[in-house]
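Below is one structure; the comments refer to it alone.
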There are 2 protein chains.
Amino acid sequence: MALAQAIMTSLLDADLSGSELARDFEKSMGFFWQASHQQIYQELRKLAAKGWLNKREVNQSGKPNKIVYGLTLAGRESLAEWVYGPTRVQPTKDELLLKLYNLNEDNVEHIVGEITARREEVMKRLYLYEAVRRRHYDDPASLPVRHKGVYLALESGIHQGEQFLAWCDEALSLLASVEKRKA
Amino acid sequence: MALAQAIMTSLLDADLSGSELARDFEKSMGFFWQASHQQIYQELRKLAAKGWLNKREVNQSGKPNKIVYGLTLAGRESLAEWVYGPTRVQPTKDELLLKLYNLNEDNVEHIVGEITARREEVMKRLYLYEAVRRRHYDDPASLPVRHKGVYLALESGIHQGEQFLAWCDEALSLLASVEKRKA
DNA sequence: GCCGTTGTTGCAAAAAGTTGCATCACGGCA
DNA sequence: TGCCGTGATGCAACTTTTTGCAACAACGGC
């Protein structure tokens, strides 16, 4: 959808290679934007062709060479303009909610298991987010402007995580009664 | 991703035509699954070909005929099995969060506007969800099993909405200080 | 020197989703 | 009678994303 901008945003602070970007997309940026390495490499070449990124090859000791990309002036300008354009949201599609529509006595147990597992996952991610917040964003009001934005994106992830945990608890407690009745 | 199952789930209670389904996907089911009518019509034909749906033409007065689809036994069985398979989540991709990473003195105002607009939208949807909850799910504990699942899916939407409103307030209050400093 | 492992980049086919338009039936109305 | 609006279904081209795999460099061990 806006993979190009997600990549360019990642390059705001530092030049990165495809593999470094791919790793980034599993951490910070990946908190709210996901992309496979195949997607990233392809997009990088497109962006370089458009003149929004420049590339240079960097020798590495012990590893194959990497191709490091950086924003050009045109790239920065296009990104800055993009902010004023229309904003799209691609709402979550969660098969778990779909499964809930198919709840019955036979599969409650399985679905409870899935919710429990998911709760665990989300909790782990939440710990990670909160560690980052404690480490870098202790006093949001005093942050430089751009970092306030980054902080708010992180906060959004934290809010969502907490909300999800609360929902899990509600769901598990409601479904516990179903399981009992079944037994 | 699992459009087939989303459609079949919609057909659990009642047989529907393509256009009726498309309307559904903007309401109840659409709260957590979106699909265009083109996607739906295509998928319906695929599912009918697989033997999971049956179709019949229904004459309508004042409108062109519609083709109504219903679950076959094979369809119901495949759906019931699907519940035990792996669950995928397609996390939200929200360009607004991406834009926040690009926050600066120049665009704060615009971004504040976007957040405000989004807050409004979400609030409207939330009213809708809550109306449904009051109307149909007043006493969750006493619902039949399957409806408990549907209720929980709705609850998930409500939680998310409330969380988002809270986040907006936090964001707007933090960004207000930036705007002031700018002025 | 060969072999497996890891890291980096890449290709290609398939699936999923989007966009824009086309068709056709019906009714209302000028 | 001709024309327009609406509702229902559908086609085709395109873009985006996913899946699975390939090439190749370096290093470590043997």
Side-chain angles (χ1 to χ4, degrees), chain A residues 1-8 10 15-26 29-30 32-50 53 55-69 86-95 98, chain B residues 1-8 10 15-26 29-30 32-50 53 55-69 82 85-95 98:
Chain A
M1 186 167 44
L3 178 59
Q5 285 75 22
I7 288 176
M8 290 197 285
S10 292
D15 294 2
L16 296 172
S17 71
S19 56
E20 287 161 344
L21 274 165
R23 257 174 265 128
D24 227 53
F25 270 78
E26 288 178 356
M29 180 73 25
F32 61 92
W33 209 276
Q34 309 72 39
S36 61
H37 81 264
Q38 290 93 334
Q39 249 185 302
I40 292 170
Y41 282 115
Q42 210 174 321
E43 194 70 32
L44 281 172
R45 268 171 279 138
K46 272 192 217 165
L47 292 173
K50 266 194 190 168
L53 299 184
K55 53 184 345 184
R56 61 179 202 282
E57 200 163 344
V58 170
N59 287 34
Q60 303 191 103
S61 69
K63 294 175 202 170
N65 297 351
K66 61 184 180 182
I67 302 170
V68 170
Y69 293 84
T87 305
R88 297 199 292 178
V89 201
Q90 181 192 84
T92 313
K93 284 182 183 171
D94 189 341
E95 296 186 349
L98 202 47
Chain B
M1 184 168 47
L3 178 58
Q5 284 75 22
I7 288 177
M8 289 198 286
S10 293
D15 293 1
L16 296 171
S17 71
S19 56
E20 287 161 343
L21 275 166
R23 259 175 264 129
D24 227 52
F25 269 77
E26 287 177 358
M29 179 72 25
F32 60 92
W33 210 277
Q34 311 73 38
S36 63
H37 81 264
Q38 290 92 333
Q39 249 184 305
I40 291 169
Y41 282 115
Q42 210 174 322
E43 193 70 32
L44 280 172
R45 269 171 279 135
K46 272 192 216 165
L47 292 173
K50 266 194 191 167
L53 300 183
K55 53 185 344 185
R56 60 177 203 282
E57 201 163 345
V58 170
N59 287 35
Q60 302 190 104
S61 68
K63 294 175 202 171
N65 297 351
K66 62 184 178 182
I67 301 170
V68 170
Y69 292 84
W82 169 81
T87 304
R88 296 199 292 178
V89 201
Q90 181 191 83
T92 313
K93 284 182 183 170
D94 189 340
E95 296 186 347
L98 203 46

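Atom set for the values below is all heavy atoms of this structure, side chains included, hydrogens, waters and symmetry mates excluded.
Whole-Å rounding puts the Leu3(A) CG to dG17(C) P distance at 17 Å. Taking atom CG of Asn59(A) as the reference point, atom P of dA26(D) lies 9 Å away to the nearest angstrom. Atom NZ of Lys66(B) and atom C1' of dT9(D) are 13 Å apart (whole Å). Counting to the nearest Å, the C1' atom of dA26(D) and the CG atom of Asn65(A) are 10 Å from each other. Rounded to an integer number of Å, the gap from CZ of Arg45(A) to P of dT8(C) is 16 Å. Distance Trp33(B) CH2 to dA16(C) C1': 11 Å, rounded to the nearest Å. Atoms CD (Glu57(B)) and P (dA25(C)) sit 11 Å apart, rounded to a whole Å. For the pair Leu44(A) CG and dT16(D) C1', the computed distance is 16 Å after rounding to whole Å.
OP1 or OP2 of dT8(C) sits under 4.0 Å from a side-chain N or O of Arg23(A). Taking side-chain N and O atoms only, Arg88(B) has no distance below 4.0 Å to OP1 or OP2 of dA16(C). Distances shown here put every side-chain N or O of Ser36(A) at or beyond 4.0 Å from the OP1 or OP2 atom of dT19(D). Close to dT18(C), at under 4.0 Å from its OP1 or OP2, lies a side-chain N or O of Gln39(B). The side chain of Gln38(A) places no N or O atom within less than 4.0 Å of a non-bridging phosphate oxygen (OP1 or OP2) of dT18(D). Distances shown here put every side-chain N or O of Gln42(B) at or beyond 4.0 Å from the OP1 or OP2 atom of dG10(D). Taking only side-chain nitrogens and oxygens, Ser19(B) comes nearer than 4.0 Å to OP1 or OP2 of dT9(D). For dT9(D), the OP1/OP2 oxygens have a side-chain nitrogen or oxygen of Tyr41(B) closer than 4.0 Å. Taking side-chain N and O atoms only, Lys93(B) has a distance below 4.0 Å to OP1 or OP2 of dT17(D).
Taken from CG in Leu44(B) to CD1 in Ile67(B), the straight-line distance is 9.0 Å, to the nearest 0.5 Å. Separating the CD atom in Glu43(A) from the CG atom in Leu21(A) is a distance of 11.0 Å, to the nearest 0.5 Å. Rounded to the nearest 0.5 Å, atoms CG (Leu47(B)) and CD (Gln5(B)) are 8.0 Å apart. To the nearest 0.5 angstrom, Tyr69(B) atom OH is 4.0 Å from Lys55(B) atom NZ. To the nearest 0.5 Å, the span separating CE on Met29(B) from CG on Leu98(A) amounts to 6.0 Å.
Open room surrounds CD on Gln42(B); 12 or fewer heavy atoms of other groups in view lie less than 6.0 Å from it.
Residue-level contact check: Lys55(A) touches neither bases nor backbone, having no heavy atom under 4.0 Å from any strand. Ser61(B) comes within 4.0 angstrom of nothing in the nucleic acid, heavy atoms only.
Residue Pro64(A) is the one, among His37(A) and Pro64(A), whose nearest nucleotide of DNA chain C lies closer to the 5' end (criterion: closest heavy atom). Where Ala35(A) and Gly62(A) each meet DNA chain D at their nearest nucleotide, the meeting point lying more 5' is that of Ala35(A).
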